[in-house]
Q: 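Here it is: the structure, laid out below.
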Amino acid sequence: MKILRNSFLAIGFSLFLVSCGGGGTTGREAARLTRLDGDTFNFIVANDLGRNGYYDQKPIAEQMGRLAEEIDIEFVAAAGDIHHFEGVASVEDPLWMTDYELVYSHPELMLDWYPILGNHEYRGNTQAVLDYGGVSRRWVMPGRYYTKAFEVDDDTSLRVVWVDTTPLIDKYHEEAEESYRDIAAQDMETQLRWIDSTLTASDETWKIVIGHHPIYADTDKDEEERLDLQERLDTILRRHGVDMYICGHIHNFQHIRRAGSDMDYVVNTSGSLSRDVRPIEGTLFCSSATGFSVVSASADSLKLYMLDKDRNILHTVERGRNR
């Protein structure tokens, strides 16, 4: 059985001692992530990026590259909204250069990027996002939802499942004709059956699911978004013992645990422009800092480091493995 090891559990939401703010260092001086001990399998999570390099996008992209110089990074999981605000029109859209290629140009970021669609991609041509893999060798997107297993060591493995959350939310279907035309052809039941069957067949040590929208989060966005995912997606993830659900969309850091679930619900912040945040039921940590996250898997633990734009560690989500 996997367990959460995190000092913030001892605090508890009921005492309202959760740190939420700009820095979010929980009263301790933040340490900069420059190395990881032991034999680990590491990847970056980045999302809500596309601002044509403005705000904090370029500095964060540079820190992602510098981190990859110092720590072995296997890939980047791009959790949606790579392009604000209207998605892209084609694989030749100039936004591919100004939002992505010219910003994430560090040599150490010339590795596989595994993206998913966000709601802003659905405002444009989503097929162009999938087809961009024929233009860029590092853009690896075999489908709107897909999965891949990775070997951590001889006895440890990691399963990552990328899901397409926008079609799982009713409001986007209701606004399809006006704003989200590509969503009309998406069958949510087919995807939910695929997620269920994929996790049923999974026997990896660690299981991570990455989507764009949060299941639980503090946000002023429509509550129906979370309620739809709680009903449709969360029930599947809980049933199959998923370790972490990682998402974006809200533009801040949040780490949430809910009664009755052994899962860590992680909201990764924006890689360009963030929003304020406050604790809700189950919040263990939150911060309005911009930045990105690093996931590190080993034989003994699964960790996620929340990093600000200067690569300071704001918070660590850690799960241990009983052997």
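Values below: every heavy atom of this structure, side chains too, minus hydrogens, waters and symmetry copies. We count residues from 1, following the sequence as given. This one's a predicted model, so the numbers in the text were calculated from it and none came from an experiment.
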Q: State which residues pass ring-ring contact (aromatic ring centres under 6.0 Å, His included) with Tyr146; sequence neighbours excluded, sorted by chain then number.
A: Trp162
Q: In this structure, are over 12 heavy atoms from other groups packed under 6.0 Å from Lys58 atom NZ?
A: no
Q: Are His249 and His84, when compared by the centres of their aromatic rings, separated by less than 6.0 Å?
A: no
Q: Answer yes or no: is there an ion pair linking Arg257 with Asp262, defined by an N-O contact shorter than 4.0 Å?
A: yes
Q: Can you tell me how the ring of Phe75 sits relative to the ring of Phe150, calling it parallel under 30°, perpendicular over 60° and tilted otherwise?
A: parallel
Q: Flag yes if Leu111 and Leu102 sit in one hydrophobic cluster, no otherwise; membership is Ile, Leu, Val, Met, Phe, Trp, Tyr, and two members link when side-chain heavy atoms are under 4.5 Å apart.
A: no
Q: Between Thr205 and Leu158, is there a donor-acceptor pair closer than 3.5 Å when you use the side chain of the first and the backbone of the second?
A: no
Q: If we only count heavy atoms from C-beta on, is the Ile313 to Leu307 side-chain gap below 4.5 Å?
A: yes
Q: Could you tell me whether the side chains of Thr283 and Arg278 share a donor-acceptor contact shorter than 3.5 Å?
A: no
Q: Return the orientation label for the Tyr100 and Tyr104 ring planes: parallel under 30°, perpendicular over 60°, tilted otherwise.
A: tilted
Q: Hey, does the side chain of Asn47 reach the backbone of Thr269 with a donor-acceptor pair shorter than 3.5 angstrom?
A: yes
Q: Taking atom types as modelled and ignoring hydrogens, do the side chains of Asn42 and Thr40 form a donor-acceptor contact shorter than 3.5 angstrom?
A: yes
Q: Count the heavy atoms of every other residue, nucleotide or ligand shown that sit under 6.0 Å from CG of Asp276, and state whether that count exceeds 12.
A: no
Q: Could you tell me if Gln230 and Asp228 have a donor-acceptor pair between their side chains, going purely by distance under 3.5 Å?
A: no
Q: Sequence neighbours excluded, which residues qualify as side-chain contact (heavy atoms from CB on, under 4.5 Å) partners of Asn52?
A: Tyr54, Leu95, Thr98, Asp99
Q: Could you tell me which residues satisfy ring-ring contact (aromatic ring centres under 6.0 Å, His included) with Phe253, sequence neighbours excluded, listed by chain and number?
A: none
Q: Shortest non-hydrogen contact from Ala217 to Arg226?
A: O-NE, 4.1 Å
Q: Are Ser270 and Asp48 close enough that a side-chain donor and a side-chain acceptor fall under 3.5 Å?
A: no
Q: Working to the nearest 0.5 Å, report the span between OG of Ser136 and CE of Met141.
A: 13.0 Å
Q: Do you see a donor-acceptor pair shorter than 3.5 Å between the side chains of Ser274 and Asn252?
A: no
Q: Indicate yes or no: at least one non-hydrogen side-chain atom of Thr156 is less than 4.5 angstrom from one of Trp206.
A: yes
Q: With rounding to the nearest 0.5 angstrom, report the CG to OG1 distance, Leu36 to Thr34.
A: 8.5 Å
Q: Does CD belonging to Glu108 count more than 12 external heavy atoms closer than 6.0 Å?
A: yes
Q: When you measure from the side chain of Asp81 to the backbone N and O of Asn119, does any donor-acceptor pair fall under 3.5 Å?
A: yes
Q: Taking atom types as modelled, is there a side-chain donor on Tyr245 or Asp234 under 3.5 Å from an acceptor on the other?
A: no
Q: Taking the basic N atoms (NZ, or NE/NH1/NH2) and the acidic carboxylate oxygens, is any pair closer than 4.0 Å for Arg311 and Glu70?
A: yes
Q: Mark yes or no for whether Asp308, through its side chain, and Asn312, through its backbone, hold a donor-acceptor pair below 3.5 Å.
A: yes
Q: As an exercise, state the distance from CG of Asp243 to CG of Leu302, rounded to the nearest 0.5 Å.
A: 5.5 Å
Q: Given 3.5 Å as the limit, does a donor-acceptor pair link the side chain of Ser301 with the main chain of Lys303, or not?
A: no
Q: Taking atom CE of Met188 and atom OG1 of Thr166, what is their separation to the nearest 0.5 Å?
A: 11.0 Å
Q: Closer than 3.5 angstrom, by distance alone: can the side chain of Arg232 be matched with the main-chain N or O of Leu168 as a donor-acceptor pair?
A: yes
Q: Would you compute the distance between atom NE2 of His213 and atom CG of Leu233 and round it to the nearest 0.5 angstrom?
A: 12.0 Å
Q: Determine whether a donor-acceptor pair (N or O, by modelled atom type, separation under 3.5 Å) exists between the side chain of Gln63 and the backbone of Pro59.
A: no
Q: Any non-hydrogen side-chain atom of Val317 less than 4.5 Å from a side-chain atom of Val266?
A: yes
Q: What's the verdict on side-chain contact (heavy atoms from CB on, under 4.5 Å) for Phe292 and Tyr305, showing C-alpha distance, side-chain angles and the deciding distance?
A: CA-CA 9 Å; Phe292 62 102; Tyr305 299 92; over 6 Å; no
Q: Once salt bridge (Lys or Arg N to Asp or Glu O under 4.0 Å) is applied, what residue pairs with a partner in residues 114-126 remain, sequence neighbours excluded?
A: Glu86-Arg123
Q: Test your reading of the model: is there a side-chain donor-acceptor pair from Arg258 to the backbone of Glu281, 3.5 Å cut-off?
A: yes
Q: Does His255 have its ring centroid less than 6.0 Å away from the ring centroid of Phe285?
A: no
Q: Counting N and O atoms only, with roles assigned by atom type, does the side chain of Arg66 sit under 3.5 Å from a partner on the main chain of His106, one being a donor and the other an acceptor?
A: no
Q: Is it the case that the side chains of Ser202 and Glu204 hold a donor-acceptor pair, with the cut-off being a distance below 3.5 Å and no angle test?
A: yes
Q: How about His120 and His83: are their ring centroids closer than 6.0 Å?
A: no
Q: Check whether the side chains of Arg159 and Thr147 place a donor and an acceptor atom closer than 3.5 Å, and report yes or no.
A: yes
Q: In this structure, are over 12 heavy atoms from other groups packed under 6.0 Å from Asp310 atom CG?
A: yes
Q: Any donor-acceptor pair under 3.5 Å linking the side chain of Ser261 with the backbone of Met263?
A: yes
Q: Which distance, rounded to the nearest 0.5 Å, do you find between the OG1 of Thr290 and the CD of Gln57?
A: 11.0 Å
Q: Asp56 and Arg51: salt bridge (charged side-chain N to carboxylate O under 4.0 Å, His left out), yes or no, with the steps?
A: CA-CA 9 Å; Asp56 289 332; Arg51 303 279 178 170; over 6 Å; no
Q: Linking I/L/V/M/F/W/Y whenever their side-chain heavy atoms sit closer than 4.5 Å, directly or via other members, would Ile246 and Met306 fall into one cluster?
A: yes
Q: For Asp93 and Ser90, which I'm curious about, is there any donor-acceptor pair between the side chains at under 3.5 Å?
A: no
Q: Using ring-ring contact (aromatic ring centres under 6.0 Å, His included) as the criterion, list what pairs up with Tyr122, not counting sequence neighbours.
A: none
Q: With sequence neighbours left out, write down each residue that passes side chain to side chain donor-acceptor pair (under 3.5 Å) with Asp220, or none if nothing qualifies.
A: none
